[in-house]
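The structure appears below as structure tokens.
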Number of protein chains: 2
Amino acid sequence: MKKAPTIRDVAAAAGVSVSVVSRVLNEGSVAVATREKVVAAIAELGFRPRAAARELNGANLTIGLVLADLTNPFFARLADRIVWEARGRGVQVVLMTTQEDPHIEAETLATLLDRSVGGVIATPTGGNIDKWSRLQDLGVDLVFVDRSIAALENTDVVSIHNEASAASATEHLIGLGHRRIAVISGPLTTSTGTARIAGYESALAAAGIPSDAALIRGVPFRGDAGADAVAALLALPLAERPTGLIVANTAQVQSSMRQLYQMGIDIPRELSVIVFDDNPWTELVSPPLSVIRQPIDMLARHSVDLVLGRMQGRLPVGPRFIEVQAEFVSRSSSAAPNPVESHV
Amino acid sequence: MKKAPTIRDVAAAAGVSVSVVSRVLNEGSVAVATREKVVAAIAELGFRPRAAARELNGANLTIGLVLADLTNPFFARLADRIVWEARGRGVQVVLMTTQEDPHIEAETLATLLDRSVGGVIATPTGGNIDKWSRLQDLGVDLVFVDRSIAALENTDVVSIHNEASAASATEHLIGLGHRRIAVISGPLTTSTGTARIAGYESALAAAGIPSDAALIRGVPFRGDAGADAVAALLALPLAERPTGLIVANTAQVQSSMRQLYQMGIDIPRELSVIVFDDNPWTELVSPPLSVIRQPIDMLARHSVDLVLGRMQGRLPVGPRFIEVQAEFVSRSSSAAPNPVESHV
DNA sequence: TACAAAAGTGGTACCGGTTCCAATCCGGGT
DNA sequence: ACCCGGATTGGAACCGGTACCACTTTTGTA
């Protein structure tokens, strides 16, 4: 277990001072001949500057990624792309998960501070407003992705155009002839929850369809809340029962679908279904699901660009809100409602 | 943007020297009364020691996690559990992905060194043998999870019992009456590829069934290799065509299944299918898939235990090979072969 | 040719912890 | 009352870089 060479070893080998080596490392002004000697010495010794020493001086090449849960394929793919984008820019990613628990989130934030990360990309649970803003006070650049917190109005946000996406899914069902359309989404305390339900309601309003509170289910992300919501919706009296369903959050798709299968619901004859986020398996189930496809690579790219841009101070002050377009992909799980069925 | 308190601030506030504060932080011997003063000062100032400063002294509370690809739900869930286990032990995780590319993997290893991580949990691509062992020479504790590299015989490995798992899937199909069973797995250069195919072959041998090279497909993890393999298998002359298929690697399941659906294969009537790794969606597709379920939480727990145990030097020398049991879950995608069909 | 400005280089004090070592304090044994 | 050893505590070097500042060497210009 030999030890790695330090900057002084390099300086000695190249016959210069440590200052010069440091300048070579950080593109300071160094004579060409000198630089070559140093570069040669670095190569020969296989020297690599230690991140810890650099960070001690404020420099920073690490960002924190705070996600709810890697079990959710949406977050998993987001993480994959973010790590990828960061790598391309020479930045490392420290990954943390909150499991949607504000308490764990708080702990996570504290840890991020010790690690003196320069920036953070996060999907906030919704709580810990004071902690998030303290993080910012301490000079850590923060970018919310997917979700946001309204009270933190000075924070950059990257997300899909939630309202429009939910609206277009709703319009699609209305266009097929559906009048009773249910929506399952995140809690109304989350930005995605409110925005998507707002989009849903505005589409209904535009079509002159009254909205019915019984058809709107803002449920928790974790656990079987999706399944329970589905069961409740289908337990409604026949006349009030929805003929269309939008599952507006990836986290609830799985348990909702499982419940539908267990109940033996015939899709789309009895119920048309549209779900948020296109996973590899949405086209493997039967029938293949109509989905709102989120451009995950765009979300990742913009998040990383933003947070690094802030860290390098090359972005104007004032928050940036980047909304990218999501795409509606029509497959076989949505069709015109069955008029006979709905009156039996 | 105020700055965080340092250990000297705490020392001043508590009226002691920095040494004492440091000792309080690291469970050194300090008088009870003094310790209380220091603890109070820490709490009051909200002091948290900076990780970078600690790491500069060799201490280390970070592990690197090198995975192939978070798009694969097996790895995503593994990452989720590993981050979780690490968090419970006060350790952070730096995440990196190789996308199965040895070149990227090499770059990743170099980065891990700069970051002076104390330990690494990895799913190696199979190459970079020299780089991995240099990492170990430099004192970084290394644990391979899921896969291993035979040449690195001194490295800890945590995985499922690959051979037995593949054998039990094969036996299940043999028990149903299948004689021509195909297997799609990773390249034979990977440990999982060879072990699983070995298990498959030993099960065949035990049943007195000759193994047929045409039915064994060791294909790359990424891309549509699974789909191509399926197409090739089903293009065989009828008498040589398999009636059973084991997709022995999570990475190939998706494209294999997609291909089967596209070709309109009737499962299990025309072909019985067993796939490795139980995802949430395996029971949502039709028919629900028979799977080998890997105990991901066990893999995560053991990996983290091992790497931290090494880092803290409280493990005997000599490599540890931990193999956990995987579970065969029978669902509707496997059934007795259709004798009529196979002779038409 | 002389002198000012610019470019390149070396010295060294940090950054915020850890750790070794010497100094101090304490009570018990004789 | 005096000496000795264990328990605490403080001082300062050190980890491996960065960055400010002073000094020397070029280069450019009058």
Side-chain angles (χ1 to χ4, degrees), chain A residues 1-39 41-42 45-62 90 111 113-118 138-139 312, chain B residues 1-39 41-42 45-62 90 111 113-118 138-139 312:
Chain A
M1 170 173 162
K2 53 197 171 184
K3 62 187 182 310
T6 77
I7 198 173
R8 304 186 211 262
D9 298 328
V10 175
V16 297
S17 73
V18 292
S19 320
V20 176
V21 180
S22 177
R23 259 179 249 119
V24 170
L25 258 30
N26 302 284
E27 53 204 59
S29 87
V30 178
V32 180
T34 316
R35 158 168 276 121
E36 279 171 2
K37 279 193 302 184
V38 174
V39 169
I42 289 177
L45 277 67
F47 167 77
R48 310 209 75 203
R50 286 190 47 182
R54 288 187 145 169
E55 283 178 12
L56 205 42
N57 293 293
N60 224 301
L61 351 85
T62 307
T111 302
L113 281 183
D114 322 342
R115 291 233 55 101
S116 50
V117 296
L138 257 27
Q312 293 159 12
Chain B
M1 172 174 162
K2 53 197 169 179
K3 61 185 181 317
T6 77
I7 198 175
R8 301 181 213 267
D9 297 329
V10 175
V16 298
S17 74
V18 293
S19 324
V20 175
V21 179
S22 176
R23 258 178 252 119
V24 170
L25 258 29
N26 301 284
E27 54 202 60
S29 86
V30 178
V32 179
T34 316
R35 158 168 274 121
E36 279 171 0
K37 278 193 305 183
V38 174
V39 168
I42 288 177
L45 276 68
F47 166 77
R48 309 209 77 205
R50 285 190 50 182
R54 289 187 145 170
E55 282 177 14
L56 204 42
N57 292 294
N60 225 305
L61 352 83
T62 307
T111 302
L113 281 182
D114 321 342
R115 293 232 55 100
S116 49
V117 295
L138 258 27
Q312 292 158 13

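In what follows, chains are A, B, ... by sequence order, proteins preceding strands, each numbered from 1.
- A/Leu45 approaches A/Ala13 most closely through the heavy-atom pair CD1-CB, 4.1 Å.
- Among all heavy-atom pairs drawn from B/Arg50 and A/Ser116, the shortest one is NH2-OG, 3.4 Å.
- Nearest approach of B/Ala51 to B/Leu61, heavy atoms of both residues: CB-CD1, 4.2 Å.
- Nearest heavy-atom pair, A/Ala52 versus B/Leu56, reported as atom, atom and distance to 0.1 Å: CB-N, 4.2 Å.
- Contacts between residues 10-25 of chain A and DNA chain C, defined by a heavy-atom separation below 4.0 Å, involve A/Val16, A/Ser17, A/Val18, A/Ser19, A/Val20, A/Arg23, listed by number.
- A 4.0 Å heavy-atom criterion places the boundary nucleotides of DNA chain D facing chain A at D/dG16 to D/dA19, written 5' to 3'.
- Where DNA chain C meets chain A (any atom under 4.0 Å from a heavy atom), the bounding nucleotides read 5' to 3' are C/dG8 to C/dG16.
- Within residues 47-59 of chain A, the residues having any heavy atom under 4.0 Å from DNA chain C are, by residue number, A/Leu56, A/Asn57.
- Each side chain to side chain donor-acceptor pair (under 3.5 Å) pair with one or both residues in residues 4-16 of chain B, not counting sequence neighbours, would appear here, but there are none.
- Rounded to the nearest 0.5 Å, atoms CD (A/Glu55) and CZ (B/Arg115) are 5.0 Å apart.
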- So A/Arg54 and A/Leu25, side chain to side chain contact (heavy atoms under 4.5 Å, CB included) or not? Walk me through it. CA-CA 11 Å; A/Arg54 288 187 145 169; A/Leu25 258 30; 3.9 Å; yes
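- Shown here for B/Val18 and B/Ile7, the closest heavy-atom pair between the two residues is O-CD1, 3.9 Å.
- In summary, of the residues considered (A/Val21, A/Val20, A/Val16), a side-chain contact (heavy atoms from CB on, under 4.5 Å) with A/Val30 occurs for A/Val20 alone.
- Within residues 30-39 of chain A, no residue places a heavy atom under 4.0 Å from DNA chain D.
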